[in-house]
Amino acid sequence: MIEIVEKILITCALPYVNNVPHIGNIAGSHLPADIFARLCRLAGYDTVFIGGSDEHGTPAEVTAERLGITPRELSDFYFKIHKDIYDWLDISYDNFSRTSIPLHHETTLDFFEHIQKNGFIVENTVRLPYCENCRRVLPDRYVEGVCPKCEYEHARGDQCERCSTLLNPEELKSPRCAICGEEPVIRDSNHLFLSLDKLEPRLREWIESKKGEWTGQVVNMALGWLNEGLKPRSITRDIKWGVKVPLKGYEDKVFYVWFDAPIGYVSSTKEWALNQGEPELWREYWQGDARIYNFVGKDNIPFHTIFWPGILIARGGYSLPYRVAGLQYLNYEGDKISKSKGFGVFCENLPDAGLSSDIWRYYLTLLIPETNDSEWKWAEFQERVNNELVANLGNFIHRSLHFIQSKFDGVVPEPDLSEDDIELLKSTEEFAAQVQELIFDIRFREALRKVFELSDRGNKYFQSNEPWKLIKTDPKKAGTVLYVCANLCYDLAVLLSPFMPKSSAKIFEILNTKPGTLQDVGRQKVAAGTKINRPEPLFPKLDDKKISELKNRTSQVTKYEEMIMGKISYDEFSRLDIRVAEIVEVEPVKGADKLLKLTIDVGGKTKQIVGGIAQQYSKDELVGKRIVVLDNLEPAVIRGVKSEGMLLAAVDGDEISILTPDRDAKPGSKIM
RNA sequence: AGCGGGGUGGGGUAGCCAGGUCCAUCCCGCCGGGCUCAUAACCCGGAGAUCGGUCGUUCAAAUCGACCCCCCGCUACCA
């Protein structure tokens, strides 16, 4: 039983703009949220589906710095890529916002001020690693060093990857900044904390009330956190890129991205309301009795069951999520998707791959990891498309419409309906109800299967009535069969629309009939006498060759960072003073196992540079070698050693090969 | 390491919380036979899992308990 409520707000976890989405991100949140939203609209609910990009935080700041651009430029760049991909995949966001817009900063400040007024903010001093070279407070995992337990040399400040001991940065031996290699110092810094401890009883009560309604994974994970006891959690950071903290002494701090990111749901709804020309309309979704559905990946569950609801309670006057749909992960051919290995299907390649977005949506719907991790397999993709989409659903639609086209001049015939026909036509209402119920219960795969059950039924009906024989013996009866089939096609188009909107629209177009809603299913909306448009197969059959083409094409990893850096002019290139140098002397750098200090002769001028080649080259091998250096690089201090240039080498993972002149070239020779 | 989720015929998946009606569901694939409007479907028949492993509880276990193995996530400043 589904209780009818007016308003539904759907949110999809905001993607972080430091990266580009792959199929796992689509199947894990955008697609399920979209199917849900489309169904809600189809069922007549007042639906708002919002999303946006999460843009603040350390990773974006560091990436931007590395690329020599501002965080905003980085965000602008990635935002567009994300937006284009979601548009292409027909993810029907009513609004896709950004956390960097002023409206969001205002909303975050409003939350903070109320939370503070309500007494849920405390201040504390924390000791944090700080890199004086980068002038940056380092998050735990940006500190590297030697593990105190297993002596692993590349342990991170949060955990040693070899012995998996949990660490804090102060425990590392010879710690260094992961960005520049300098040794960080520990500094005191004041920070604001959200008193989750005070919110615990209310959170517990809320979670308990969802037992049985939500999946076990989501409830248990939340209860796990509650049972361990909630502690105040810091909501500020010592970086620049984010929402400024409006307090004295916090001029150099911003709110923690995890504080402001979920508030982005509210900001995005506000932005939507503004675009609707009704600036206050958002309140009906956040401060009224709308049902709020959050679609998030499993890594995100604690944030949406503890941290974010805690923020909402502390703020006061906002509704808590009605349901947190926590989805699992999508793997690829037996392993995790890996961008660096080019292992997976990367969405930026989809538009040029030559298939309708519906085809991708279809298989990805079957892979929505509702309860378990799922797995993309090309062989299965091919089978599913050919045997189900093409042969079952596509075939029923096409054989029906093609028959009308070729035997009835494209006019839906006048029927003479039997009891059985009427019953069949009416039975689709039940399908519609079941599809709705399944989707509301976050069981998309089963819901889609239900749709196929209907086309299956259509195929059986067509088959057992043999209109291709009746057309010769009893044309009236043949016409009745095709009238029924045309109406089944219509109903299928309605039920298919949340999953495959383009194909659905195409069916309506061929039927020359207005697209319908769930209410129209089973109502014989395709009238006798309708002149249909010329049908054509809805879906392509995929042969082995096509599959391997798709596989090659979609696993390409676009080098976005190179695109951001762009092409440089000859003038810019000519600013680089690259020269041949001869290595005079080689010394190790204390406390660094990768670095060597090289004294070099650059055409009569002697200088020293530091290079990270200690693991690949020995001293003997290097002394006397002619190498290539960037001579006019701004000097830097690396591990306490001055470096006045840069050694050029080919780098491929751990393999390093120093560049040398192919023929005899004097030290100091310019490279151009 | 601790916490949480998961391991069911070739692939996916239901059932497990409330043990028997399950020598286990449904979809796809596979094998054999019929029919043809369609990018062929539909019908009939068939092969295939002792439910991750071991040990227990019970008249009875995929379902409950213990231990073990494997995969995944979280463990609070990466998001």
Side-chain angles (χ1 to χ4, degrees), chain A residues 13-19 54 56-60 62 126 128 137-142 156-159 163-166 168 191 196 212 215-225 227-228 230-239 256-259 261 297-303 306-307 326 328-329 331 336 366-367 369-375 377 379-380 383-384 386-392 394-404 406-407 445-446 448-449 452-453 456 458-464 466-471 478 481-482 535-541:
Chain A
L14 309 187
Y16 197 66
V17 289
N18 196 12
N19 241 320
D54 174 14
H56 299 316
T58 310
V62 171
V126 286
L128 293 169
V137 171
L138 301 171
D140 286 0
R141 63 187 281 165
Y142 279 73
R156 291 194 321 217
D158 53 347
Q159 185 166 28
C163 69
S164 64
T165 305
L166 293 178
N168 73 57
H191 280 283
L196 281 178
T215 58
Q217 283 105 306
V218 176
V219 172
N220 288 334
M221 193 175 285
L223 287 176
W225 276 59
N227 292 338
E228 277 187 31
L230 300 179
K231 294 177 201 126
R233 185 178 173 116
S234 79
I235 57 164
T236 50
R237 289 293 181 277
D238 295 278
I239 58 172
Y256 177 36
V257 276
W258 262 112
F259 181 72
K298 62 178 164 184
D299 53 335
N300 235 319
I301 291 172
F303 287 99
I306 304 290
F307 194 52
Q328 311 297 303
Y329 280 175
N331 295 314
K336 283 195 218 181
L366 297 176
L367 294 181
E370 291 160 13
T371 51
N372 286 326
D373 288 355
S374 60
E375 193 173 320
K377 290 179 193 161
E380 193 191 12
E383 269 183 13
R384 295 287 191 175
N386 290 345
N387 299 328
E388 294 174 7
L389 252 194
V390 174
N392 181 335
N395 183 243
F396 173 65
I397 306 274
H398 190 249
R399 76 198 294 205
S400 299
L401 301 178
H402 188 267
F403 202 98
I404 292 172
S406 59
K407 308 287 199 241
R445 290 177 293 185
E446 210 176 319
L448 182 54
R449 191 185 298 156
F452 277 77
E453 210 178 290
D456 204 46
N459 270 322
K460 284 183 176 125
Y461 174 80
F462 196 107
Q463 195 65 28
S464 59
E466 304 183 307
W468 59 92
K469 285 183 186 163
L470 288 175
I471 193 77
V481 172
L482 269 300
E536 53 183 73
L538 285 174
F539 309 108
K541 202 158 181 174

For [N] and [M], measure between their [atom1] atoms and round to the nearest Å.
{"N": "rC16(B)", "M": "rU63(B)", "atom1": "C1'", "answer": "4 Å"}
{"N": "rG9(B)", "M": "rA24(B)", "atom1": "C1'", "answer": "11 Å"}
{"N": "rC68(B)", "M": "rG7(B)", "atom1": "C1'", "answer": "14 Å"}
{"N": "rC70(B)", "M": "rU58(B)", "atom1": "P", "answer": "32 Å"}
{"N": "rC51(B)", "M": "rG19(B)", "atom1": "C1'", "answer": "15 Å"}
{"N": "rC27(B)", "M": "rA41(B)", "atom1": "P", "answer": "16 Å"}
{"N": "rC26(B)", "M": "rG15(B)", "atom1": "C1'", "answer": "11 Å"}
{"N": "rC17(B)", "M": "rA62(B)", "atom1": "C1'", "answer": "14 Å"}

Selection from [options] that lies nearest to any side-chain heavy atom of [X]:
{"X": "R233(A)", "options": "rC37(B), rA76(B), rC28(B)", "answer": "rA76(B)"}
{"X": "E383(A)", "options": "rG73(B), rC28(B), rC74(B)", "answer": "rC28(B)"}
{"X": "R449(A)", "options": "rC37(B), rG73(B), rG12(B)", "answer": "rG12(B)"}
{"X": "K298(A)", "options": "rG73(B), rC37(B), rG12(B)", "answer": "rG73(B)"}

Original post:
RNA chain B: E380(A) or D456(A), which has the more 5' nearest nucleotide?
Top reply: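 Result of the comparison: E380(A).
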
**OP:** Only counting residues at least two apart or in another chain, list the ones meeting side chain to side chain contact (heavy atoms under 4.5 Å, CB included) with N227(A).
**Re:**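 For N227(A) the side chain to side chain contact (heavy atoms under 4.5 Å, CB included) partners, ignoring immediate neighbours, are R204(A), L223(A).
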
Using purine N1 to pyrimidine N3 plus N6-O4 or O6-N4 for Watson-Crick, or N1-O2 and O6-N3 for G-U wobble, each under 3.5 Å, what pairs with [N]?
{"N": "rC51(B)", "answer": "none"}
{"N": "rU63(B)", "answer": "none"}
{"N": "rC42(B)", "answer": "rG34(B)"}
{"N": "rU57(B)", "answer": "none"}

Just checking [X]: base, sugar-phosphate only, or nothing, at a heavy-atom cut-off of under 4.0 Å?
{"X": "F452(A)", "answer": "nothing"}
{"X": "N459(A)", "answer": "sugar-phosphate"}
{"X": "N19(A)", "answer": "nothing"}
{"X": "F396(A)", "answer": "nothing"}
{"X": "V62(A)", "answer": "nothing"}
{"X": "P59(A)", "answer": "sugar-phosphate"}
{"X": "A379(A)", "answer": "nothing"}
{"X": "V257(A)", "answer": "sugar-phosphate"}

Distance in angstrom units between [X] [atom1] and [N] [atom2], rounded:
{"X": "L538(A)", "N": "rA38(B)", "atom1": "CG", "atom2": "P", "result": "17 Å"}
{"X": "L482(A)", "N": "rC37(B)", "atom1": "CG", "atom2": "C1'", "result": "9 Å"}
{"X": "E466(A)", "N": "rU36(B)", "atom1": "CD", "atom2": "C1'", "result": "9 Å"}
{"X": "N331(A)", "N": "rG11(B)", "atom1": "CG", "atom2": "P", "result": "16 Å"}
{"X": "K336(A)", "N": "rG73(B)", "atom1": "NZ", "atom2": "P", "result": "4 Å"}
{"X": "I301(A)", "N": "rG6(B)", "atom1": "CD1", "atom2": "C1'", "result": "13 Å"}
{"X": "N387(A)", "N": "rC42(B)", "atom1": "CG", "atom2": "P", "result": "11 Å"}
{"X": "E375(A)", "N": "rG7(B)", "atom1": "CD", "atom2": "C1'", "result": "13 Å"}

With a cut-off of less than 4.0 Å, is there a side-chain N or O of [X] near OP1 or OP2 of [N]?
{"X": "Y256(A)", "N": "rA79(B)", "answer": "yes"}
{"X": "R445(A)", "N": "rU13(B)", "answer": "yes"}
{"X": "K377(A)", "N": "rG11(B)", "answer": "no"}
{"X": "N220(A)", "N": "rG5(B)", "answer": "yes"}
{"X": "N18(A)", "N": "rA79(B)", "answer": "no"}
{"X": "K460(A)", "N": "rA41(B)", "answer": "no"}

Original post:
Quick one: does S374(A)'s side chain get under 4.5 Å of Q328(A)'s, heavy atoms only?
Top reply: no

Original post:
So F403(A) and F462(A), would you call those rings parallel, tilted or perpendicular, with 30° and 60° as cut-offs?
Top reply: perpendicular

Original post:
According to the interplanar angle, ranging from 0 to 90°, do the rings of F307(A) and F303(A) count as parallel (below 30°), tilted (30 to 60°) or perpendicular (above 60°)?
Top reply: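 Taking F303(A) first and then F307(A), their aromatic rings stand perpendicular (interplane angle over 60°).
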
Subject >> Pair K377(A) + E380(A), salt bridge at N-O below 4.0 Å >> reply: no

**OP:** Walk me through it: do S234(A) and H191(A) pass the test side chain to side chain donor-acceptor pair (under 3.5 Å)?
**Re:** CA-CA 7 Å; S234(A) 79; H191(A) 280 283; 5.8 Å; no

Subject >> Polar side-chain contact T58(A)-rC78(B) base: donor and acceptor under 3.5 Å >> reply: no

Subject >> cation_pi(K298(A), Y329(A)) dist<6.0 Å, angle<=45 >> reply: yes

Subject >> Sequence-distant partners of E375(A), salt bridge (charged side-chain N to carboxylate O under 4.0 Å, His left out), two or more places apart >> reply: none

Original post:
Within the stacking criterion (centroid distance below 5.5 Å, interplanar angle below 30°), does W468(A) stack on rC37(B)?
Top reply: yes

